[in-house]
Amino acid sequence: MANPIVMFIDDSETALASTRMTVSSMPIEVKQYLEAQACLNDIQAGVVPELIITDLNMPVMNGLELLKALRELPATKRTPVLMLTTETKDELKQQGKALGLTGWIVKPFNPAQLKSAITRVLRLPA
Amino acid sequence: MIFDALHELLEHIKQVEKETISLSLEAQMKLSRFIEKQKIELDDEAVEALQYQDIISQQLSATVEAIEAIQKNLQIFAQTFKHDERFADESVTKLQIKLSDVLEEARAKKEAFGGHSKKSSIDEDKIEFF
């Protein structure tokens, strides 16, 4: 059985490198994108993620706009989405929650906590 | 004259900040590539430290934006002043308001882009499930 696909979207190369190093030992297939549209293109081309972890503050399309676009696509209507961001404002969290966001992780993330969140959402063996 | 000098100074600060962002990104990516190539296993603290470049970059980018806004407002003031000195007092008041707005926005971005980097405990309420 193929490993579940987890998509990471962040306009920072170093942030993507940090998440990549953190999850390298996990039984997941990692796909990373520097912009939201590239992730949407892959989904529309038939790639089906089981979890999406996105940054919030990104140029062109931010994390909340991406979440809204994901909820409009049949393939990702109910896919769990975690926001991984430096933002801590309740107002933004509530906006995310209203759009069906699964959870909020504040940067810099603790690797053990990120792995634990992925394990929990994907129901992987602990 | 004074406006040109201010503009030059701000331009210099902006360039230094942009170069710092670029250099820190290059350094971080070289380090990340080395770690991944050598398959070095990092502990939690090291992974956390690697994420600081992103935060530094966001913080500096926000101050670059603030500098650009200051430059724009100074330019407007300089043009008005050059055109008619009688409007200078009124323009100074407008400039003060604009600069206060820039400062307020810059402070909000500092808060927004800081994440947990200044918190003492790394386990502090970082993951929230809805």
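Within every chain, numbering begins at 1; the chains are lettered A, B, ... in the order of the sequence lines, protein sequences first and strands thereafter. None of these values were measured; they are calculated from a predicted model.
Neither the backbone nor the side chain of Glu41(B) comes within contact range of chain A; no heavy atom of the residue lies under 4.5 Å from a heavy atom of that chain. Neither the backbone nor the side chain of Ile40(B) comes within less than 4.5 Å of any heavy atom of chain A. Of the two parts of Leu114(A), only the backbone, made up of N, CA, C and O, holds a non-hydrogen atom closer than 4.5 Å to a non-hydrogen atom of chain B. Of the atoms belonging to Thr22(A), it is side-chain heavy atoms, and not backbone ones, that fall under 4.5 Å from chain B. Residue Leu50(B) touches chain A through both its backbone and its side chain, counting heavy-atom pairs closer than 4.5 Å.
Side-chain contact check for Gln53(B) and Thr14(A): at least one donor-acceptor pair (N or O, by modelled atom type) lies under 3.5 Å.
For the atom pair Ser32(B) OG and Glu13(A) CD, the distance stands at 9.5 Å (nearest 0.5 Å). Here the CG atom belonging to Asp11(A) is positioned 8.0 Å from the OG atom belonging to Ser57(B), to the nearest 0.5 angstrom. For the atom pair CZ of Phe130(B) and CD of Gln94(A), the computed distance is 7.0 Å after rounding to the nearest 0.5 Å. Atom CD of Glu128(B) and atom CD1 of Ile105(A) lie 11.0 Å apart (nearest 0.5 Å).
Shortest non-hydrogen contact noted between Leu42(B) and Met21(A) is CD1-SD, 3.8 Å. Residue Val47(B) comes nearest to Ser18(A) through the heavy atom pair CG1-O, 4.1 Å, listed as atom of the first residue, atom of the second, then distance.
Around the CD atom of Glu105(B), the shell of radius 6.0 Å holds no more than 12 heavy atoms that belong to other residues, nucleotides or ligands. Within 6.0 Å of the CD atom in Gln75(B), the count of heavy atoms belonging to other residues, nucleotides or ligands does not exceed 12. Counting non-hydrogen atoms of neighbouring residues, nucleotides and ligands closer than 6.0 angstrom, the CZ atom of Arg20(A) exceeds 12 such neighbours. Counting heavy atoms of neighbouring residues, nucleotides and ligands inside a 6.0 Å radius, atom NZ of Lys109(B) exceeds 12 of them. Atom CZ of Arg120(A) sits in a sparse spot, with 12 or fewer heavy atoms from other residues, nucleotides or ligands closer than 6.0 Å.
Side chains of Phe129(B) and Trp104(A) form no contact here, defined as non-hydrogen atoms less than 4.5 Å apart. With a 4.5 Å cut-off on side-chain heavy atoms, Ile127(B) and Phe109(A) do not count as touching.
Ile97(B) and Leu103(B) are assigned to two separate hydrophobic clusters, defined by single-linkage of ILVMFWY side chains at heavy-atom distances under 4.5 Å. Leu74(B) and Val64(B) fall into different hydrophobic clusters, where Ile, Leu, Val, Met, Phe, Trp and Tyr are joined by side-chain heavy atoms under 4.5 Å apart, directly or via other members. Val48(A) and Leu73(A) fall into different hydrophobic clusters, where Ile, Leu, Val, Met, Phe, Trp and Tyr residues are linked whenever their side-chain heavy atoms come under 4.5 Å apart, directly or through other members. Both Ile67(B) and Leu6(B) belong to a single network of hydrophobic side chains, linked directly or stepwise wherever heavy atoms of I, L, V, M, F, W or Y lie under 4.5 Å apart.
Listed by sequence position, Leu25(B), Gln28(B), Met29(B) are the residues of residues 8-30 of chain B in contact with chain A, using a 4.5 angstrom heavy-atom cutoff.
Note: Glu36(B) leads Glu111(B), Glu36(B), Arg33(B) in heavy-atom pairs under 4.5 Å with chain A.
In this structure, Ser12(A) contributes its side chain and Asp54(B) its backbone to no donor-acceptor pair below 3.5 Å.
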